[in-house]
Amino acid sequence: MEYNHKDIEPRVRQAWQNAELYKVEIDHSKPKYYVLDMFPYPSGAGLHVGHPLGYISSDIFSRYKRLQGFNVLHPMGYDAYGLPAEQYAIQTGQHPEVTTRENVARYRTQLDNIGLSFDWNREIRTCDPEFYKWTQWAFLKMFGSYYDLDADRAMPVEELEKRFAEKGTQGLRAAAGKDMEFTAEEWNAMDKKERNDVLMNYRLAYLGNSMVNWCPALGTVLANDEVSEGVSVRGGHPVEQKQMWQWFLRVSAYAERLLQGLDRIDWSDSIKETQRNWIGKSEGAEMKFRLDGRDDLVLDIFTTRPDTVFGVTFMVLAPESKYVDMLTTPEQREAVNEYLSSIKHRTERERMIDKRVTGVFSGSYAINPLSGKKVPVWISDYVLAGYGTGAIMAVPAHDSRDYAFARHFNLPIIPLIKDADVSEASFDAKEGIMINSEGPELNLNGLTVPQAIASTKEFIEKSGIGKVKVNYRLRDAIFSRQRYWGEPIPVCYVDGIPTPYNNLPLELPEIDKYLPTETGEPPLGRAKNWCTPEGYPLELNTMPGFAGSSAYYLRYMDPRNHEALVSPEAIGYWRQVDLYVGGSEHATGHLIYSRFWNKFLFDYGYIVEDEPFRKLINQGMIQGRTSFVYRIKDTNTLVSAGLKDNYDTTPIRVPISMVTDDVLDIEQLRGWQKEFANAEFILEDGKYICGSAVEKMSKSMHNVVNPDDIVERYGADTLRLYEMFLGPIEQSKPWDTHGIDGVNRFIKKLWNLYWRGEELLVKDTEPTAENLKSLHKLIKKVSADIEAFSFNTSVAAFMICVNELAQQKCTSRTVLSDLIILLAPFAPHVAEELWHTALGNEGSIFNAKWPEFNEDYLKESTVTMAVSFNGKPRFNITVAADADNKTIEETALSNEAAAKWLDGKTIRKVIVVPGKIVNVVV
RNA sequence: GCCCGAAUGGUGGAAUGGUAGACACGAGGGACUUAAAAUCCCUUGGCCAUAUCGGCUGUAUGGGUUCGAGUCCCAUUUCGGGCACCA
């Protein structure tokens with residue numbers, strides 16, 4: 001029998017399917033293990049060779065855990081809501097569900113072709129009402145909750161209402177949009193509408209009117225993680241800031257817990273760091289500045305450098321600050337208005353690119369609470385309204401932004417740190433000895449910066465000037481999208497008051513066109529009878545993409561449950577995801593939202609773990625190798641890469657399928673696009689050589705390699721092994737089909753250990769010591785490598801072992817049986833085939849047991865060690881494997897070469913690593 | 001600007017502080033063959049060499065710790081990623 005993947009692979013997969021091999025149920029007799037891939041958005045382009053990288057590695061891990069006796073949950077599904085299907089619907093009128101269904105079918109075929117061990121009985125789709133019922137359910141739970149900072153958890157809003165009725169806001173510490181103070185009497189006197197407004201300030205899912213990222217091209221608002229450098233992450237359309245009523249999730253309430261939780265999970269440092277940056281905790285103080293001649297007002301500011309108060313030479317308000325209007329004096333009114341309108345036209349993007357210093361004096365003065373000095377209050381857009389209090393104290397000597405502002409407007413600069421040179425730039429470092437910092441009640445001179453920070457904090461708390469305060473950069477997530485293809489938000493409006501719609505699922509209605517209404521309302525405004533049975537209008541916005549992916553990992557545990565998101569039994573057994581594999585691009589989106597969502601459900605005891613994903617592996621991207629042809633400008637002549645420098649050329653990307661080893665298939669190119677049909681070619685050595693570059697793999701770059709083609713030519717096992725062999729999982733690397741032959745050759749060599757033509761080579765012979773050594777080296781290496789997610793080195797270890805066993809002409813059934821079990825997670829089809837045909841076993845190889853490692857087979861009685869000296873010849877000495885410092889000395893001297901070299905010298909020190917290397921100091 | 005991470009042959013990449021370059025690709029040479037494909041064997045960091053013994057050098061750069069450093073420490077350069085008028 002020859003190795004023939006086309007015969008083996010479909011047959012083996014069919015057998016798995018018939019046996020329902022990957023179906024998994026709760027089984028208390030076995031330990032559980034939950035391996036999850038980030039589920040894909042089924043795009044029209046299908047999978048390219050980069051996508052399966054993560055799927056293959058998680059599949060290897062799942063199969064390995066299974067062989068080790070774990071009950072492995074390894075599910076898959078589809079993140080089915082998304083913009084491309086909707087854009088396609090707008091263009092063609094085809095319902096996004098139809099497109100989605102087609103794409104899902106294509107994905108399924110492609111995934112199956114790779115031989116992944118998913119339990120498809122548990123498949124979920126976010127657009128399925130049975131699934132999004134629970135997305136909506138969680139949203140309503142959040143709507144009905146507030147965050148109690150004393151209990152440090154989410155609590156029902158009813159508790160809050162009770163509390164307000166009894167004692168108002170007194171003693172309440174809760175996450176809120178703005179600080180509120182009222183008494184029980186005031187609360188009880190409020191009408192329904194007023195109470196609703198108050199509660200909105202506390203709800204974890206709330207309707208808020210604030211600055212949002214509005215993308216006119218997409219016709220919707222976007223969350224912060226969906227915007228990068230002023231343009232949308234999807235499509236790259238400009239995004240502007242707009243004041244709008246939108247649904248939000250109060251993610252900020254969980255900022256501290258999201259930060260603390262990072263210390264308890266096994267994620268890469270880089271992704272934890274990214275999340276820490278995104279959460280952006282800063283510890284400082286809030287301080288009150290009185291205003292000159294105005295007893296009715298104080299200015300609240302936030303600073304992380306309370307030690308620098310004596311260096312404050314001016315104050316700055318954000319243009320959107322509520323103080324702007326109050327502090328503008330009549331004389332300055334005109335100048336301020338002019339300034340405000342001038343910056344209104346600058347978009348966030350423009351402000352980011354062009355960081356010129358602008359600002360205007362308000363006319364008012366504030367009083368420095370520590371020095372008693374009078375300082376002017378300015379207005380400038382370098383201060384952000386949304387962070388801290390929207391007002392700052394400016395210390396130009398020790399803050400670069402304040403420094404630039406002071407220089408530009410010629411404001412004084414007072415250095416506060418000894419020997420700090422502030423003639424050219426500010427001194428921002430938090431180090432040095434304080435000077436110029438003496439006031440009537442507090443003297444910081446002579447202290448170090450950290451000491452000064454601590455003393456100032458203590459002083460302002462004691463004197464009531466301010467209080468210690470922690471700020472987070474993490475913003476609440478905008479939760480509504482003016483789009484059709486998403487989960488309806490289950491809220492209706494009763495007399496204008498947002499009210500839960502509890503009859504879930506609230507199904508997405510049919511509409512005639514997938515566009516906003518003529519009056520500019522979201523597409524759901526086109527739905528007929530979009531209201532409750534009582535006639536109350538339903539919300540027109542839908543949920544964002546991250547809604548469905550925030551808790552999907554819980555649903556896999558119990559996907560067909562109609563009564564609950566997940567049953568107590570299922571959550572009690574599966575608990576959390578043990579291993580999560582996916583791209584690092586979700587660091588500030590999905591991976592934050594999921595953690596938030598999970599913590600929220602945890603607060604109510606619906607689930608049992610505070611963190612959703614115990615271990616996270618971020619697979620790198622596989623880039624494409626793009627090929628270029630070079631057209632001489634203004635002609636239809638293409639010049640080969642080696643000669644292009646002689647001409648003025650434009651590079652053009654051509655499909656990678658027309659290029660072999662950088663040589664272009666000219667006839668294919670002629671047939672590709674009309675413009676090339678009659679092109680002239682300038683060749684070198686009779687060939688057209690293409691240029692190349694490494695770029696993201698995508699359709700538009702014409703560099704996509706389809707896994708189906710690789711499977712067709714080499715088989716799924718070769719594809720799997722090769723993708724793993726390319727390099728470390730977490731690293732990005734370019735795809736290069738060249739090396740794949742090596743892996744394919746390995747499988748054939750492996751096959752030839754079992755079969756020579758029709759002759760079966762496996763015999764019931766006793767394994768030799770050599771055989772066992774080769775095998776157990778492999779067991780040790782592969783087991784350790786899989787645990788460390790180091791698959792490229794395990795594939796190398798297989799290659800070495802198979803070469804050794806081939807050389808040894810190993811025929812031992814026990815060795816060859818263990819070998820194929822070890823390989824099974826990596827190359828499941830060929831392993832399963834040999835398990836049956838060559839080894840004659842019944843039942844799947846995946847019901848076998850992972851071979852146990854035995855150290856004894858690797859032990860040596862003697863070991864040869866290299867002795868080397870600076871510049872002197874090396875020689876080998878052979879000693880007992882367990883030699884220590886004492887025995888080695890004698891051995892060395894009894895060794896002829898060593899004795900010769902050591903002639904006349906004495907050994908001062910001998911360093912031995914048992915079984916390894918020795919170094920002798922003379 | 002701040003915070004992470006990385007830098008090893010022609011290429012992808014191996015190396016618990018212990019013989020750097022595993023394994024694979026590519027390249028060169030050879031065997032088999034009428035020929036080709038396939039397969040197999042040898043060589044393959046650089047320099048020197050009496051080219052079969054062997055020597056020197058070498059992991060971005062400069063220092064340091066150590067008997068011993070690709071690995072640990074300090075500084076520098078370059079690249080990748082994150083955050084960014086966040087006070």
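Only this structure's heavy atoms are used, side chains among them; waters, hydrogens and symmetry mates stay out. Here is how names work: the chains are called A, B, and so on, in the same order as the sequence lines, proteins then strands, and each is numbered from 1.
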Ion pair [X]/[Y], N-O distance below 4.0 Å:
X	Y	value
A:Lys748	A:Glu2	no
A:Asp263	A:Arg276	yes
A:Glu256	A:Lys281	yes

Using purine N1 to pyrimidine N3 plus N6-O4 or O6-N4 for Watson-Crick, or N1-O2 and O6-N3 for G-U wobble, each under 3.5 Å, what pairs with [N]?
N	value
B:rA7	B:rU77
B:rA35	none
B:rU19	none
B:rU66	none
B:rC47	B:rG55

With rounding to the closest Å, how many angstrom separate the [atom1] atoms on [N] and [M]?
N	M	atom1	value
B:rA20	B:rG29	P	31 Å
B:rU71	B:rA14	C1'	13 Å
B:rU8	B:rG62	P	16 Å
B:rG13	B:rA49	P	35 Å
B:rG12	B:rA35	C1'	34 Å

Within this structure, what is the [atom1]-to-[atom2] distance between [X] and [N], rounded to whole angstrom?
X	N	atom1	atom2	answer
A:Arg276	B:rA84	CZ	C1'	18 Å
A:Glu286	B:rA87	CD	P	14 Å
A:Gln623	B:rG12	CD	C1'	13 Å
A:Ile279	B:rA84	CD1	C1'	17 Å
A:Lys272	B:rC4	NZ	P	15 Å
A:Gln731	B:rU11	CD	C1'	14 Å
A:Ile747	B:rU39	CD1	P	13 Å
A:Met724	B:rA14	CE	C1'	17 Å

Is there a side-chain polar atom (N or O) of [X] under 4.0 Å from OP1 or OP2 of [N]?
X	N	result
A:Asn471	B:rA87	no
A:Tyr382	B:rA87	no
A:Thr274	B:rG81	no

Assert yes or no for the condition that the ring centre distance of [X] to [Y] is strictly below 6.0 Å.
X	Y	result
A:Tyr722	A:Trp735	yes
A:Phe409	A:Phe314	no
A:Tyr3	A:Trp755	no

Task: Closest-nucleotide ordering on RNA chain B, the 5'-leading residue of A:Ala318 and A:Trp278 - done: A:Trp278
Open item on the list: Taking the nucleotide of RNA chain B with the nearest heavy atom to each, does A:Asn277 or A:Ile392 sit closer to the 5' end?
Closed with: A:Asn277
Open item on the list: Considering every strand and a 4.0 Å limit on heavy-atom distances, what is the contact class for A:Pro728: base, sugar-phosphate, or nothing?
Closed with: sugar-phosphate
Task: Shortest side-chain distance from A:Asp381, nucleotide among B:rC4, B:rG82, B:rC85 - done: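 Taking heavy atoms from C-beta onward, the closest nucleotide is B:rC85.
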- [ ] State which of B:rC3, B:rC83, B:rA14 makes the closest approach to the side chain of A:Thr588.
- [x] B:rC83
TODO: Using distance alone, with no hydrogens and no angle criterion, decide if A:Thr737 and A:Tyr714 have a side-chain donor and acceptor under 3.5 Å apart.
DONE: no
TODO: Determine the minimum heavy-atom distance between A:Val312 and A:Met315, stating which atoms define it.
DONE: CG1-SD, 4.0 Å
Open item on the list: Tell me the closest heavy-atom pair linking A:Tyr339 and A:Ile379, and the distance in Å.
Closed with: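 Heavy atoms only, the tightest pair is CE2-O, 3.8 Å.
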Pairs under 3.5 angstrom, nitrogen or oxygen only, protein versus nucleotides 23-27 of chain B, please.
| unit_1 | atom_1 | unit_2 | atom_2 | d |
| --- | --- | --- | --- | --- |
| B:rC25 | OP1 | A:Arg745 | NH1 | 2.4 |

Open item on the list: Can you tell me whether the base of B:rG64 sits syn or anti, using the 90° cut around 0 to define syn?
Closed with: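 Anti conformation here, the glycosidic angle of B:rG64 being more than 90° from 0.
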